[in-house]
Amino acid sequence: MLSHDEIERYARHLVLREVGGPGQAALKQSRVLVIGAGGLGAPVLLYLAAAGVGTLGVVDDDTVALSNLQRQIIHATPEIGRRKVDSAAAAIDRLNPHVTVEAHPWRLKAANALELVARYDLVADGSDNFATRYLVSDACFLARKPLVTAAVGTFDGSLTTIRAHEKADDGRLNPTYRCLFPEPPPPGTVPACAETGILGALTGVLGSLMALEAIREIVGFGEGLVGRLLMVDARSMRFETLTYAWDPANPLTGQRPIIRDLSAHQTTEDG
């Protein structure tokens with residue numbers, strides 16, 4: 001049931017035929033885990049909180065730095081030096097006190113990823129490195145949880161949704177993250193944003209699209225991004241969508257799967 005305050009707060013959702021009371025109730029009952037409270041995670045958290053997602057989990061082991069504030073809009077100057085999960089929780093509470101925040105102030109690793117992911121209904125991955133993206137995507141498959149994942153470059157970004165634990169309406173397996181990106185690039189070949197720079201507003205665009213896709217997944221309207229990669233080019237202000245499909249050679253759900261747990265990620269972390 002929605003309280004009187006919630007009915008007024010979510011009034012613009014409630015009059016939407018595609019959302020309405022049942023959709024808003026689904027949002028209130030949902031639990032979403034957001035990986036990272038940085039450039040992508042900041043708008044994801046703010047818009048999911050504003051939309052009325054009942055519980056938001058936040059994973060981040062970092063503290064707020066002055067250089068973050070050009071794009072990580074959930075934090076502010078007085079929060080410099082504060083743990084990002086705490087800064088994010090405070091901002092969410094100011095925005096919507098009906099949302100419960102579960103702070104996880106540590107780095108996601110093979111040892112904790114599966115247990116953590118299993119506690120939520122959906123995962124939104126805004127991490128900034130390939131190792132975490134592969135770890136999260138594998139954990140979501142093993143825990144049978146949907147994943148909304150995005151990445152940004154200096155002037156470009158991409159977004160997709162993974163439901164590799166399910167089949168499409170035609171009976172075919174949905175693709176995995178490894179069907180889209182079979183192998184991560186060699187270490188050191190993709191420079192960090194501290195070296196190349198990043199357009200702050202671009203993370204806002206991709207993060208907002210992540211939140212929109214997460215809301216769509218929870219409420220169940222329209223056509224999602226399963227098997228589709230949305231690409232954004234901020235230089236030419238161009239949006240394009242590519243389709244991708246299940247790869248029988250992928251090591252997770254392919255014809256000869258070899259990934260059955262997260263032990264390979266543990267080896268990578270130790271190495």
inquiry  = Going by side chain to side chain donor-acceptor pair (under 3.5 Å), name the residues that satisfy it together with Thr243, two or more places apart in sequence or in a different chain.
reply    = none
key: Partner of Thr154 under side-chain contact (heavy atoms from CB on, under 4.5 Å), chosen from Leu202, Leu199, Thr196, Ile198   = Thr196
query = Is it true that a side-chain atom of Arg119 and a backbone atom of Glu115 form a donor plus acceptor pair closer than 3.5 Å?
reply = no
query = Should Ile258 and Leu173 be counted in the same cluster of Ile, Leu, Val, Met, Phe, Trp and Tyr side chains packed under 4.5 Å apart?
reply = no
query = Between Val32 and Asp121, is any pair of side-chain heavy atoms under 4.5 Å apart?
reply = no
query = What distance separates Leu147 CG from Tyr177 OH, expressed to the nearest 0.5 Å?
reply = 9.0 Å
remark   = Residues Gln266 and Ala110: closest non-hydrogen pair is N-CB, 3.7 Å
task = Measure across Leu180 and Pro182 and return the closest heavy-atom pair with its distance rounded to 0.1 Å.
result = O-CD, 3.6 Å
inquiry  = I'd like to know if the side chain of Thr241 reaches the main chain of Leu230, judged simply by a donor and an acceptor atom lying under 3.5 Å from each other, with no hydrogens or angles considered.
reply    = no
key: Verify same cluster id: Val58, Ile215 (apolar side-chain graph, 4.5 Å)   = yes
ask   = How many angstroms lie between atom CG of Leu209 and atom CZ of Phe239, to the nearest 0.5 angstrom?
value = 6.0 Å
ask   = Mind checking whether Leu69 and His75 have side chains closer than 4.5 Å, heavy atoms only?
value = yes
query = Is Val99 close to Val53 at the side-chain level, that is, under 4.5 Å between some pair of heavy atoms?
reply = no
message = Could you report the tightest heavy-atom contact between Pro43 and Gly207, atom names first, then the distance?
response = CG-CA, 3.6 Å
request  = Indicate yes or no: does Arg238 engage Asp233 in a salt bridge with an N to O separation below 4.0 Å.
outcome  = no
ask   = Which distance, rounded to the nearest 0.5 Å, do you find between the CD of Gln29 and the OG1 of Thr55?
value = 10.5 Å
inquiry  = For Leu14 and Leu2: C-alpha separation, side-chain torsions, deciding distance, then whether side-chain contact (heavy atoms from CB on, under 4.5 Å) applies.
reply    = CA-CA 11 Å; Leu14 295 173; Leu2 299 177; 4.0 Å; yes
query = What distance separates Lys84 NZ from Thr63 OG1, expressed to the nearest 0.5 Å?
reply = 7.5 Å
Listed partners of Leu95 passing side-chain contact (heavy atoms from CB on, under 4.5 Å), at least two apart = Leu46, Ala49, Ala50
Asn174 side chain reached by Ile162 side chain, heavy atoms, under 4.5 Å = no
Cluster check Val59, Leu122: I/L/V/M/F/W/Y, side chain < 4.5 angstrom = no
request  = Working to the nearest 0.5 Å, report the span between SG of Cys140 and CG of Asp125.
outcome  = 8.0 Å
query = Would you call the rings of His104 and Trp106 parallel, tilted or perpendicular, where under 30° means parallel and over 60° means perpendicular?
reply = tilted
key: Derivation and outcome, side-chain contact (heavy atoms from CB on, under 4.5 Å), residues Lys145 and Leu33   = CA-CA 11 Å; Lys145 302 294 181 178; Leu33 178 65; over 6 Å; no
request  = Evaluate the side-chain proximity of Leu108 to Val136: yes if any heavy-atom separation is below 4.5 Å, no if none is.
outcome  = yes
request  = Indicate if Leu116 and Val34 have the same hydrophobic cluster label, given that clusters are the connected sets of ILVMFWY residues with side-chain heavy-atom separations under 4.5 angstrom.
outcome  = no
ask   = What residue among Arg178, Arg163, His165 forms side-chain contact (heavy atoms from CB on, under 4.5 Å) with Phe141?
value = His165
ask   = Quick one: which of Asn96, Thr100, Leu45 gives a side-chain contact (heavy atoms from CB on, under 4.5 Å) with Leu56?
value = Leu45
query = Is there side-chain contact between Ile74 and Ile92, with heavy atoms separated by less than 4.5 Å?
reply = yes
query = Between Arg216 and Glu213, is a salt bridge (Lys or Arg N to Asp or Glu O under 4.0 Å) present by the stated rule, with each step listed?
reply = CA-CA 5 Å; Arg216 196 208 58 74; Glu213 181 68 357; 3.3 Å; yes
ILVMFWY cluster, Val19 and Met1 together (side-chain gap under 4.5 Å) = no
message = Would you say that Tyr10 contacts Lys28 through its side chain, given a criterion of any heavy-atom pair below 4.5 Å between the two side chains?
response = no
remark   = Nearest heavy-atom approach of Pro184 to Phe130 is CB-CB, 4.1 Å
request  = Compare every heavy atom of Gly38 with every heavy atom of Asp60, then report the nearest pair and how far apart it is.
outcome  = OD2-N, 4.2 Å
query = Within the distance-only criterion (no hydrogens, no angle test), does the side chain of Gln24 pair as donor or acceptor with the backbone N or O of Val219 below 3.5 angstrom?
reply = no
task = Decide if atom OH of Tyr47 counts as having more than 12 heavy atoms of other residues, nucleotides or ligands within a radius under 6.0 Å.
result = no
message = With a 6.0 Å cut-off (strictly less than), is the heavy-atom count around CZ of Arg172, excluding the residue itself, greater than 12?
response = no
inquiry  = Please determine whether the number of non-hydrogen atoms from other residues, nucleotides or ligands lying under 6.0 Å from atom CG of Asp169 exceeds 12.
reply    = no
inquiry  = Looking at every heavy atom in both Tyr244 and Arg228, which two are closest together, and how far apart are they?
reply    = CE2-N, 3.4 Å
remark   = Separation between CG (Leu40) and OG1 (Thr203), nearest 0.5 Å, reads 6.0 Å
request  = Verify whether one side chain among Asp261 and Ser263 offers a donor that lies under 3.5 Å from an acceptor in the other.
outcome  = yes
task = Could you walk me through whether Tyr134 and His265 pass side-chain contact (heavy atoms from CB on, under 4.5 Å), step by step?
result = CA-CA 9 Å; Tyr134 280 86; His265 296 278; 4.0 Å; yes
request  = Measure from the side-chain N and O atoms of Trp246 to the backbone N and O of Thr253, and report whether any donor-acceptor pair falls under 3.5 Å.
outcome  = yes
